[in-house]
**Student:** 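First the structure, which I've put down as structure tokens, then a few questions once you've had a look.
Start at 1 and go down the list; that is how both ligands and their atoms are numbered.
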Amino acid sequence: MSNNTIAVVYHSGFGHTKVLAEEVANGAKEASEDVRLISVDDVDDHWDDLAEAKAIIFGSPTYMGSVSADFKGFMDKSSKVWSEHGWKDKLAAGFTNSASYSGDKLNTLVQMSIFAAQHGMAWVGLGLMPGNNTSEGSPEDLNRIGSYLGAMAQSNADQSSDIVPPQSDKDTAKVLGKRVAEFAARIN
Ligand SMILES: Cc1cc2nc3c(=O)[nH]c(=O)nc-3n(C[C@H](O)[C@H](O)[C@H](O)COP(=O)(O)O)c2cc1C
């Protein structure tokens, strides 16, 4: 076991959030030699990985203005860990993706941050200034959606995960992964 293990736990119904999860993991690998990418579909094989991680980064598409049912299933299953305060003092962060620019996806990150707080984890925000909010900005900017709580992405509803989310959102996700891993490296 590494002393800077970073876990990325995500759900993706149609592949778009999975692309982001991979970018978060790629970013984390820039500051950690042990990054574990875990789908909630397989989480029952990975509770030990989560126990070993110094940081857990949560990812879910926004479905009906909240985390997906599959991700919520993972949250509810984690109540056993919660009862033992098993993730206390780990770092946490989150990312989400939806079809609309807003799509109420802030609520998804709020849910994740409350979930982390219930576990006694310390939430790490995105740490980027908002992009694409001046006359000189563009959709190619990092953090083009202007999130602070975590990384947000937008994927047109009629386009596959080969095409969307756009590169700027993938790069923003990568920044989040690197930031969390760098924070984790700074603490014991
Ligand atoms: C059941 C369902 C509910 C959705 N609800 C929202 C929503 O509230 N806001 C939004 O902007 N997009 C919504 N979408 C669109 C998805 O967030 C979008 O297609 C996203 O890219 C899916 O990610 P995935 O491929 O990782 O599942 C919804 C899609 C589904 C299937």
**Student:** Students should find this: residues with any non-hydrogen atom under 4.0 Å from ligand 1. What is the answer?
**Tutor:**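 The answer is S12, G13, F14, G15, H16, T17, P61, T62, Y63, M64, G65, N97, S98, A99, S100, G103, S155, counting any residue whose heavy atom sits under 4.0 Å from ligand 1.
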**Student:** Between A184 and L91, what is the shortest heavy-atom contact and its length?
**Tutor:**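 Answer, listing the atom of A184 first, then L91: N-CD1, 3.6 Å.
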**Student:** Do S161 and H16 meet the criterion of a side-chain donor-acceptor pair at a distance under 3.5 Å?
**Tutor:** no
**Student:** Do the charged groups of K80 and E84 touch, with an N to O distance under 4.0 Å?
**Tutor:**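 Yes.
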**Student:** Indicate whether the side chain of T108 and that of S60 have a donor and an acceptor atom separated by less than 3.5 Å.
**Tutor:**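 There is no such pair (donor and acceptor under 3.5 Å, judged by atom type) between the side chains of T108 and S60.
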**Student:** Taking atom types as modelled and ignoring hydrogens, do the side chains of E22 and N26 form a donor-acceptor contact shorter than 3.5 angstrom?
**Tutor:**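 Short answer, no.
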**Student:** Look at the rings of F115 and F74 and say which category their plane angle falls in: under 30° parallel, 30 to 60° tilted, over 60° perpendicular.
**Tutor:** perpendicular
